[in-house]
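See below for the structure under consideration.
All values derive from a computational prediction rather than experimental measurement. So you know, we letter chains A, B, ... as the sequences are listed, proteins then strands, and number each from 1.
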Amino acid sequence: MSVTYAAVQWNRQKKLYDSVIAGGVALYLGRFVGVGAMVHPQATAETLLIRGLGTAAFLLLHVVLSIGPLTRLDRRFLPLLYNRRHLGVTMFTLALGHGVFSLVQFHALGDVPPLVSLLTAPARFEQLGLAALTILFLMAATSHDFWLKLLTPPGWKRLHMLVYLAYALLVAHVSLGALQSERNPLFVGVVLTGACVVLGLHVAAWGAGRGYVEVCEVERIGENRAVLLKLGDEKIAVFRHGGKVSAISNVCAHQGGPLSEGKIVDGCVTCPWHGYQYLPETGASPPPFTEKVAVYETKVEGGKVLVSRCAKTSSI
Amino acid sequence: MQWAEGLTTMLGVYGAAGAVFAALFLWKGVAHVDAGARGAGIGFRAVIAAGCVALWPLLAAKWVRR
Ligand code: HEM
Ligand code: FES
């Protein structure tokens, strides 16, 4: 059920997405260095570049972190989610540039090897930046589907959840570094606003995702059969089997076949189009297959079936 | 100071071993560990190379178990 890997699975939408990222980054860096040179004529090109790359990466990290909750709040943001991995890798590349230039600029001139000088620098904020960069590196390096399969989706997800630790480290990196040397209330305001946006969106999405929707009476679903539930653009197949109710995405991972029109055969939801199978509780194809579709929490209350608005596990 | 020197040396050794391992793994091992990599091109190998250097003990364990 698998295909041979490609470096990147390109299509028109991803190319458009990537052109927007590349154009946006180039525009930002150009403006930053141009305006910076006018406002601070005494600043060197290296300094401006270090600052431009650092702020661009930090800004992009806010976008990366906001996309998840935004799509949960409003499905119109879904196109942003589509190629988020490329956004993440771009962010890492900018951060790497910032880190390497800083290392060269501030730590390569003494007798001590640069990395030793960085690790033992009395100002701790740079070590926080290095720790964050290490996390971002691991995430960027494991962004290909090969790693998703090797680390298994839950393992991969756990690794990529470290992005929140990286974010916390970076807020500290900026607060103890640039905000101390600049002492400009505007910068403090910008960093605080960014943190509030990220936190606020997560809290809002968590609140909105807690609700359940009523589907129908349990009896309306035939044994080993499903009914289709539409939540906005999302289609969910709600199955009844052996006294239990399970809900998975209606869209088959193979070619998008309608799973709600299939039935449960040998304990597996079986797609009516070409027979791909999924365990109703986990949405995963039985081993050795590795396909997976999203799963939703369900409960039965007063003879009625309820399904959570938000997927428990998303197909990444 | 000394701990930092020790740490960077260890990192260097780990990375060098990883680079040697990654070259071998991308040449021979990857197709054993994941059938999807069979016949995959140089671009795919380039994209996963950095991860192979960083996570080489994990890959080595998977390769040996095959
Ligand atoms: C090896 C890792 C890193 C080193 C050595 C490093 C070093 C530095 C230095 C020397 C500054 C200037 C502080 C000042 O002006 O007082 C700075 C600022 C900053 N860094 Fe980093 N950093 C690293 C990683 C990162 C990462 C991963 C990010 C974000 C993704 C980041 C984002 C920023 C931002 C937004 C600023 C404030 C703007 C600026 O002054 O450049 N840094 N960093
Ligand atoms: S679409 Fe082919 S098996 Fe479901």
Within this structure, what is the CZ-SG distance for the pair A:F146 and B:C52, rounded to the nearest 0.5 Å? 5.5 Å
Quick check on B:V53 against chain A: is it the side chain, the backbone, both or neither that has a heavy atom closer than 4.5 Å? neither
Is the number of heavy atoms from other residues, nucleotides or ligands within 6.0 Å of OH (A:Y28) greater than 12? yes
Could you have a look at B:A35, B:A49, B:A40 and say which one has the most heavy-atom pairs with chain A under 4.5 angstrom? B:A40
Go through B:T8, B:I42, B:V47, B:D34 and name the one with the most non-hydrogen pairs under 4.5 angstrom from chain A. B:D34
Rounded to the nearest 0.5 Å, what separation is found between the OG1 atom of A:T120 and the CG atom of B:L7? 11.0 Å
Taking side chain as everything from C-beta outward and backbone as N, CA, C, O, which of these in A:L151 sits under 4.5 Å from a heavy atom of chain B? Side chain, backbone, both or neither. side chain
Shortest non-hydrogen separation from B:K62 to A:L150 and the atoms involved: NZ-O, 3.7 Å
Which label fits A:Y5 and B:F44: parallel for a plane angle under 30°, tilted from 30 to 60°, or perpendicular past 60°? parallel
A:W147 CH2 to B:L59 CG distance, which is reported to the nearest 0.5 Å: 4.5 Å
Measuring from A:D145:CG to B:I48:CD1, what's the distance to the nearest 0.5 Å? 11.5 Å
